[in-house]
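What follows is a set of notes on a single structure, which appears directly below.
These numbers come from the heavy atoms of this one structure, side chains and all, not from hydrogens, waters or symmetry mates. Here is how names work: the chains are called A, B, and so on, in the same order as the sequence lines, proteins then strands, and each is numbered from 1.
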Protein chains: 2
Amino acid sequence: MARIKEQSTIQENKRSAFEECPVTYVMEKIGGYWKPIILFQLLSGSKRYSDVRRAIPAITEKVLIQQLKQLEADGLVQRKAMPVVPPHVTYSLTKTGMRLKPVLYAMAVWAVDDSKEHGAVFRRNLKNFPGANDNA
Amino acid sequence: MARIKEQSTIQENKRSAFEECPVTYVMEKIGGYWKPIILFQLLSGSKRYSDVRRAIPAITEKVLIQQLKQLEADGLVQRKAMPVVPPHVTYSLTKTGMRLKPVLYAMAVWAVDDSKEHGAVFRRNLKNFPGANDNA
DNA sequence: ACAAGTACTTACCCTAAAGTATGTATAAAA
DNA sequence: TTTTATACATACTTTAGGGTAAGTACTTGT
């Protein structure tokens with residue numbers, strides 16, 4: 001019979017992991033499937049809500065709004081609403097969000113490299129990658 | 001009464017999103033909370049299973065193994081088992097996994113920058129970041 | 001003899017995230 | 001006048017991931 005193990009205080013441990021590992025810190029902000037994808041869409045500049053939605057057809061409205069709100073709360077994106085009707089709302093990256101460009105760009109580079117080896121192809125190639133030629 | 005909307009064929013749509021957005025491609029491989037953290041630990045070189053576990057106390061054994069297996073299946077990490085007892089198993093990054101270094105490094109840079117603004121502090125700073133001085 | 005360490009596996013449960021399907025206000029266009 | 005479009009909100013259900021707890025096989029150290 002094995003002894004009772006002590007992997008109990010997970011929540012406490014998460015704090016120390018959070019303090020020691022910068023990647024953990026990042027994942028707390030942009031972890032999950034959709035956030036990097038949304039941020040990627042906003043790299044090319046301010047976009048209306050409906051444009052983001054159309055750019056990512058696989059996401060549902062509920063989840064999109066939810067993720068946008070979280071990104072806004074974490075200071076990565078900025079929401080601007082014009083008080084007109086029909087409503088006109090744009091989302092854009094904050095300064096902090098902009099600083100994620102190297103992360104997203106590195107991801108894109110890796111994806112293109114890796115997909116070359118495995119046969120997948122992107123319609124959008126890196127020449128058109130938003131911000132490929134500036135401070136990335 | 002609103003019409004019935006058609007956000008049905010999510011699975012089909014995921015394919016097109018996957019083909020158009022490189023970030024989606026990346027998220028399919030390293031998405032989720034733990035994978036980047038595990039990869040980060042392996043950046044500094046080959047490690048025994050138990051070393052990885054001790055380096056990430058917040059993760060449970062089940063999840064760690066599970067994530068390692070997935071990373072192995074996706075060709076990002078390599079498992080080497082020596083047929084001795086007690087078992088001796090090491091994990092290391094594959095060539096493909098190594099190419100993620102710029103991604104992880106960019107994340108770490110962002111985390112340090114961002115935490116400076118918000119008061120958080122890391123015990124491990126970027127001077128000690130594995131591979132900070134080479135082909136990142 | 002018994003505990004301890006290694007690298008797992010398995011069964012069960014629980015919750016947070018995601019998906020489904022609606023509703024809503026307003027105004028301009030058809 | 002019905003439709004269309006915008007940017008959401010909300011109730012309800014499902015699923016996948018993660019957490020808990022324990023077991024296993026074998027050997028070295030005490």
Check the distance between [N]'s [atom2] and [X]'s [atom1] and give it to me in whole angstrom.
X        : N       : atom1 : atom2 : answer
Glu28(A) : dA17(C) : CD    : P     : 11 Å
Lys69(A) : dT10(D) : NZ    : C1'   : 14 Å
Trp34(A) : dA18(C) : CH2   : P     : 9 Å
Met82(A) : dA27(C) : CE    : C1'   : 17 Å
Glu61(A) : dT20(C) : CD    : P     : 13 Å
Ile59(B) : dG19(D) : CD1   : C1'   : 12 Å
His88(A) : dT6(D)  : NE2   : C1'   : 10 Å
Lys47(A) : dA7(D)  : NZ    : C1'   : 17 Å

Can you find a donor-acceptor pair, distance only, under 3.5 Å between Lys62(A) side chain and dA18(C) base?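 Donor-acceptor pair under 3.5 Å: yes.
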Counting heavy atoms from C-beta on, name the nucleotide in [options] closest to the side chain of [X].
X        : options                  : value
Val63(B) : dA18(C), dG18(D), dA7(C) : dG18(D)
Arg79(B) : dC8(C), dG18(D), dA7(D)  : dC8(C)
Val89(A) : dT6(D), dA7(D), dA9(D)   : dA7(D)
Ile65(B) : dT9(C), dA7(D), dT20(D)  : dT9(C)
Arg48(B) : dT20(D), dC8(C), dA7(C)  : dA7(C)

Please tell me which of Pro86(B) and Pro87(A) maps to the more 5' nucleotide of DNA chain C, matching each residue to the nucleotide holding its nearest heavy atom.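 Per heavy-atom nearest nucleotide, the more 5' residue is Pro86(B).
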Identify, between Val85(A) and Arg53(B), the residue whose nearest nucleotide on DNA chain C lies closer to the 5' end.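 Its nucleotide being nearer the 5' end, the pick is Arg53(B).
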For [X] and [Y], which heavy atoms make the closest approach, and how far apart are they?
X        : Y         : result
Val26(A) : Ala111(B) : CG2-CB, 3.8 Å
Thr94(B) : Gly75(B)  : OG1-O, 2.6 Å
Leu42(A) : Tyr91(A)  : CD2-O, 3.5 Å

Is there a side-chain contact between [X] and the phosphate of [N], meaning an N or O under 4.0 Å from OP1 or OP2?
X        : N       : answer
Tyr91(B) : dC8(C)  : yes
Gln66(B) : dG17(D) : no
Arg54(A) : dA5(D)  : no
Ser50(B) : dA7(C)  : yes

Between CD1 on residue Ile59(A) and CD on residue Gln67(A), distance to nearest 0.5 Å: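 Here the interatomic distance stands at 6.0 Å.
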Would a 4.5 Å heavy-atom cut-off, applied to side chains only, mark Tyr49(A) and Glu61(A) as touching?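 SC-SC contact between Tyr49(A) and Glu61(A) confirmed.
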